[in-house]
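Structure record follows, encoded as C-alpha cells.
Predicted model only: the values in this text are computed from it and were never measured. We name chains A, B, ... by the order of the sequence lines, and we start the count at 1 in each one.
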2 protein chains.
Amino acid sequence: MSLKHGLLGLLEYGDMTGYELCKVFNDSLAFFWQATTSQVYRELSAMEKKGWLCSGEVIQSGKPNKKVYGITDEGRSELTQWLARDLKKSDVETRSAFLMKIFLSGRTDPRQAIENLRAFRDIHVQELSKLEKSSAIDTYGQDMKDNLIPLFWGLTARFGSEYYRMCIAWADESIRILTEVSQ
Amino acid sequence: MSLKHGLLGLLEYGDMTGYELCKVFNDSLAFFWQATTSQVYRELSAMEKKGWLCSGEVIQSGKPNKKVYGITDEGRSELTQWLARDLKKSDVETRSAFLMKIFLSGRTDPRQAIENLRAFRDIHVQELSKLEKSSAIDTYGQDMKDNLIPLFWGLTARFGSEYYRMCIAWADESIRILTEVSQ
DNA sequence: TGGGTCATGTAACCTGTTACATGATTAG
DNA sequence: CTAATCATGTAACAGGTTACATGACCCA
C-alpha cells in the first residue's frame with residue numbers, strides 16, 4: 001500500500017492536485033518509487049471513497065479547473081498507523097528486470113550483455129546527476145534542527161546517490177570482466 | 001514480463017516442476033526477484049497455453065505426482081528476443097516501501113525511524129550471509145572460461161552482496177545521524 | 001504550425017499478494 | 001506427536017502498465 005501512503009504523506013505537507021502529486025513523484029521520489037498519472041488518479045478517488053481524503057474544485061480561467069485534494073483526520077490516523085507498523089521483509093525487497101537479463105545472459109553473445117551493462121551505467125550516471133541537483137536545491141537554507149522533514153529527505157536522497165554510485169562501480173567492473181573474458 | 005522470462009531461462013538449464021522453480025527463485029534469485037507459488041503456477045499454465053512450454057506428468061509412488069515443464073522452440077525464441085531487446089528505463093527502476101517510510105518519518109518520533117533502520121540493517125546482514133554462503137557453493141569448482149553461466153551468476157551475486165553492504169553502511173550512518181539529532 | 005505544459009481521466013489488461021485447500025511421507 | 005517437506009493448485013483482490021481521449025494556452 002505504499003503508493004496510497006506516499007500520497008497521504010505528501011498531502012500532509014499541503015493540499016495538492018493529482019497532477020502536482022504526479023510531478024512530485026517523478027521529480028523527487030523517482031529513485032525509490034514511480035507512479036503514472038492513471039494510477040495516481042485512481043488511488044486518489046479510491047482514497048476519497050475510503051474517507052482518507054476530501055476534495056474541492058478550484059475554478060481557473062485560461063486553464064482547466066483543478067481538483068485539489070486534502071487529507072482528513074481519518075487519513076492522518078491511517079498514515080500514522082502505517083508508519084508505526086513493523087517492517088516486514090517484503091518492505092525491503094526489490095525486483096530488477098535488468099538483473100534478470102544479466103543472470104540469463106550466459107546463453108547469448110557476451111557483447112549483448114556488455115551493451116546492457118553500458119546502458120545501465122549510463123542511466124545511473126544520468127540519474128545521479130539529476131538527484132544531486134535536486135538535493136542541492138531542496139535542502140538549501142533549511143535548518144536541520146528545527147525541521148525533521150529535510151533531514152529524512154536527506155537520508156533517502158543519500159541512499160539514492162550511494163545506490164547509484166554502487167551501480168556505476170559494479171557496472172564498470174562487470175564490463176571489465178566480460179571484456180577480458182570475451183576476447 | 002520478467003517472471004515469465006526468468007522461468008523460461010531456468011527451464012533452459014533443464015526441465016523442472018513448478019515447485020522446483022519456486023525453490024530456485026526463493027533460494028538463488030530472491031535478492032533481485034521474488035515469486036510466490038500461486039504466481040509461478042499461474043504463469044506456467046499461461047505459458048503452456050502460449051506454446052512456450054510443454055508439460056508431462058511423472059507418476060511417483062509415496063509422493064504426489066509431478067508435472068514437469070520443458071521449454072519449446074517457441075519459448076526459446078521468445079527468450080532470445082527478450083534478451084536482445086534494448087534496456088528501457090523501467091527495467092532498472094526499483095521500488096522500496098521501506099524508503100517511502102523513511103521519507104515520511106519526519107512527522108513521527110525519530111526513535112521509530114531508528115527502529116525501522118535497525119530492522120532494515122538486520123535483514124540485510126542476514127541476507128548478505130545467506131548470499132555469500134550460496135555463492136561459495138554455486139561457483140565452487142566451476143571453470144569460468146568454459147561455461148558462461150556461472151560467470152553471469154557471479155556478476156548478479158556480486159551485485160547483491162555489494163548492494164547489501166551499501167545498505168548496511170547507509171543504515172549505520174543514518175542511525176548515527178538520527179541518534180545525534182534526537183538527543 | 002508544432003511542441004510543451006496544464007489538467008483531467010477511462011478501459012483493458014497484466015502482474016503480484018493473500019488466503020484457502022488438500023494430503024501423504026519423513027525426521028526429530 | 002508434530003513440524004517440515006513434497007506437490008498441486010483456486011479465488012479474490014490489490015497494484016501497476018499501456019493505450020486512448022480531450023482541450024486550451026503559450027512560446028518559438
Side-chain angles (χ1 to χ4, degrees), chain A residues 1-8 15-27 29-30 32-50 52 55-69 78 82 88-97 100, chain B residues 1-8 15-27 29-30 32-50 52 55-69 82 88-91 93-97 100:
Chain A
M1 299 262 272
S2 301
L3 176 54
K4 281 191 179 68
H5 295 97
L7 293 169
L8 281 177
D15 294 356
M16 271 189 270
T17 65
Y19 188 79
E20 289 167 324
L21 287 161
C22 285
K23 275 208 300 179
V24 176
F25 265 87
N26 297 324
D27 296 350
L29 315 185
F32 67 82
W33 206 277
Q34 304 84 43
T36 57
T37 53
S38 48
Q39 214 190 336
V40 169
Y41 285 117
R42 185 176 55 186
E43 295 300 326
L44 287 173
S45 37
M47 288 161 83
E48 196 178 7
K49 260 178 215 153
K50 285 192 189 210
W52 297 357
S55 69
E57 213 174 348
V58 174
I59 283 94
Q60 299 188 122
S61 56
K63 285 178 188 178
N65 293 343
K66 286 178 179 187
K67 198 173 178 183
V68 180
Y69 285 92
E78 172 58 36
W82 183 73
K88 279 175 286 175
K89 226 186 131 187
S90 62
D91 294 327
V92 308
E93 282 169 347
T94 56
R95 285 173 222 259
S96 166
M100 187 72 90
Chain B
M1 300 262 272
S2 301
L3 176 54
K4 280 191 178 69
H5 295 97
L7 294 169
L8 281 177
D15 294 357
M16 272 189 268
T17 66
Y19 187 79
E20 289 167 324
L21 286 161
C22 285
K23 275 208 300 182
V24 176
F25 266 87
N26 297 324
D27 296 350
L29 315 184
F32 67 82
W33 208 277
Q34 305 84 43
T36 56
T37 53
S38 48
Q39 213 189 337
V40 168
Y41 285 116
R42 185 176 55 185
E43 294 300 324
L44 287 173
S45 37
M47 287 160 83
E48 196 179 8
K49 260 178 215 153
K50 284 193 190 209
W52 298 357
S55 69
E57 212 172 351
V58 174
I59 283 94
Q60 299 188 121
S61 57
K63 287 179 188 178
N65 293 344
K66 286 180 180 187
K67 197 173 178 182
V68 180
Y69 285 92
W82 183 73
K88 280 176 285 175
K89 226 186 129 186
S90 61
D91 293 328
E93 283 170 347
T94 54
R95 285 171 223 258
S96 166
M100 187 72 91

Calculate the interatomic distance between [X] atom [atom1] and [N] atom [atom2]; express it in whole Å.
X      : N       : atom1 : atom2 : answer
M16(A) : dT8(C)  : CE    : P     : 12 Å
L21(A) : dC6(C)  : CG    : C1'   : 15 Å
Q39(B) : dG16(C) : CD    : C1'   : 5 Å
R95(B) : dA14(D) : CZ    : P     : 18 Å
K4(B)  : dC13(C) : NZ    : P     : 14 Å
L44(A) : dG15(D) : CG    : C1'   : 14 Å
K88(B) : dT17(D) : NZ    : P     : 11 Å
Y41(A) : dT18(D) : OH    : P     : 19 Å

Set out, in order, the CA-CA distance, both residues' side-chain angles and the distance that settles side-chain contact (heavy atoms from CB on, under 4.5 Å) for K66(B) and E20(B), then state yes or no. CA-CA 10 Å; K66(B) 286 180 180 187; E20(B) 289 167 324; 4.1 Å; yes

Taking the side chain of [X] as its heavy atoms from C-beta onward, which of [options] lies nearest to it?
X      : options                   : answer
L3(A)  : dT8(D), dG16(D), dT8(C)   : dG16(D)
Y19(B) : dT5(D), dT18(D), dT15(C)  : dT5(D)
T36(B) : dG9(C), dT18(C), dG9(D)   : dT18(C)
W33(B) : dG16(C), dG16(D), dG9(C)  : dG16(C)
E43(A) : dT15(C), dA19(D), dG15(D) : dG15(D)

Begin from the C-alpha positions of M47(B) and Y69(B) and carry the test side-chain contact (heavy atoms from CB on, under 4.5 Å) through to its verdict. CA-CA 10 Å; M47(B) 287 160 83; Y69(B) 285 92; over 6 Å; no

Is there a donor-acceptor pair under 3.5 Å between the side chain of E43(A) and the backbone N or O of S38(A)?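 Between the backbone of S38(A) and the side chain of E43(A) there is no qualifying donor-acceptor contact (under 3.5 Å).
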
Under 3.5 Å, side chain of E48(A) to main-chain N/O of L44(A), donor-acceptor pair present?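 Side chain of E48(A) to backbone of L44(A): no pair is present.
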
Tell me which of R42(B) and S45(A) sits closer to the 5' end of DNA chain C, going by the nucleotide each one is nearest to.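 Final value for this comparison: S45(A).
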
Parallel, tilted or perpendicular: rings of W82(A) and H5(A) (30°, 60°):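 Answer is parallel, since the angle falls under 30°.
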
Between A35(A) and Y69(B), who's closer to the 5' end of DNA chain D by nearest nucleotide?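 The answer here is Y69(B).
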
Here's a test of your reading of the structure: between V68(B) and E93(B), which maps to the more 5' nucleotide of DNA chain D?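 The 5'-side residue here is V68(B).
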
Name the nucleic acid region contacted by S38(B), choosing base, sugar-phosphate or nothing; use a 4.0 angstrom heavy-atom cut-off, strictly under.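 The residue S38(B) makes base contact.
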
